[in-house]
Amino acid sequence: MQDNFSLKVNDEYSYSLTPKDAEELDVLALDETNFHLLKDHKSYKINMLDSNYHQKKYSVEVNGNLYQVDISDALDQLIKELGFEVGESKKVNAVHAPMPGLIFDIMVNVGEEVTEGQSLLILEAMKMENVISSPRDGVIKEIHVSKGQAIEKKFLMIEFE
């Protein structure tokens with residue numbers, strides 16, 4: 001696997017950058033979002049407007065021009081070559097029980113909009129209360145459990161629209 005980075009600028013231009021290329025850049029950080037770059041005897045003023053480190057997407061202003069930059073490392077490139085999409089995992093449409101237990105409480109209702117990480121229900125297992133959270137934003141389509149119900153591992157508990 002190569003260590004090159006692939007840069008896509010404004011979904012139009014593609015560049016390849018090796019770790020050595022990156023190390024050789026003459027960049028000075030002025031503060032957290034402003035940088036000065038010297039490249040081929042030219043000076044560039046860079047302002048980082050927005051950054052999403054996990055999605056590797058950045059909005060930058062270079063000498064007054066706005067750019068959207070997407071960065072892919074070797075693993076991202078390999079995943080794309082294999083036909084998968086980075087960050088676009090299969091949409092989760094249901095929540096299954098991670099272990100057998102007893103439904104202690106249900107905190108949502110059918111038709112309710114939920115956000116990723118929001119508590120859906122409490123599953124009591126091995127004398128512990130386990131909060132089961134929403135894996136994504138969505139709307140509750142169906143609830144297949146009721147308070148006090150004993151369930152087995154992998155039991156379908158909640159479905160999303």
Any heavy-atom pair between the side chains of Val60 and Leu66 that's under 4.5 Å?
no

Taking every heavy atom of Glu161 against every heavy atom of Ile140, the minimum-distance pair comes out as OE2-O, 4.5 Å

Shortest non-hydrogen pair, Lys147 vs Ile106, comes out as N-CD1, 3.8 Å

Residues Val114 and Phe160: closest non-hydrogen pair is CG2-CE2, 3.7 Å

For Phe5 and Pro19 the tightest heavy-atom approach is CE1-CG, 4.4 Å

Are Glu116 and Ser134 close enough that a side-chain donor and a side-chain acceptor fall under 3.5 Å?
-> no

Determine, stepwise, if the pair Leu121 / Val108 fulfils side-chain contact (heavy atoms from CB on, under 4.5 Å). CA-CA 7 Å; Leu121 56 86; Val108 293; over 6 Å; no

Taken in chain and number order and not counting sequence neighbours, the residues that satisfy side chain to side chain contact (heavy atoms under 4.5 Å, CB included) with Asn109 are Glu112

Output for pair (Phe155 CZ, Ile103 CD1), nearest 0.5 Å, gives 8.0 Å

Heavy-atom nearest pair, Ala125 first then Gly101, reads CB-CA, 4.3 Å

- Task: Answer whether the closest heavy-atom distance between the side chains of His36 and Ser43 falls below 4.5 Å.
- Result: yes

d(Met99 CE, Glu152 CD) to nearest 0.5 Å is 13.0 Å

Shortest non-hydrogen pair, Ser119 vs Val131, comes out as OG-CG1, 3.3 Å

Quiz item: Side chain of Glu24, backbone of Asp21: donor and acceptor closer than 3.5 Å?
Solution: no

Margin query: Any carboxylate oxygen within less than 4.0 angstrom of a Lys/Arg side-chain nitrogen, looking at Lys56 and Asp73?
Written below: yes

Within-4.5 Å side-chain heavy-atom neighbours: Leu37 and Lys45
no

Does the Asp50 side chain pair with the main chain of Tyr58, one donor and one acceptor, at a distance under 3.5 Å?
no

Next item on the list: Flag yes if Met48 and Leu25 sit in one hydrophobic cluster, no otherwise; membership is Ile, Leu, Val, Met, Phe, Trp, Tyr, and two members link when side-chain heavy atoms are under 4.5 Å apart.
Entry: yes

- Item | Side chain proximity check, Met157 to Ile132, heavy atoms < 4.5 angstrom | yes

Tell me if the CZ atom of Phe104 is crowded by more than 12 foreign heavy atoms within 6.0 Å.
no

Discussion item. Do Leu123 and Leu102 make a side-chain contact, defined as non-hydrogen atoms from C-beta onward lying under 4.5 Å apart?
Written reply: no

Within the supplied structure, the quantity of interest is the number of heavy atoms (other residues, nucleotides, ligands) at a distance under 6.0 Å from Glu113 CD; does it exceed 12? no

Review point. Between the main-chain N or O of Glu12 and the side-chain N or O of Asn10, is there a donor-acceptor pair closer than 3.5 Å?
Key: no

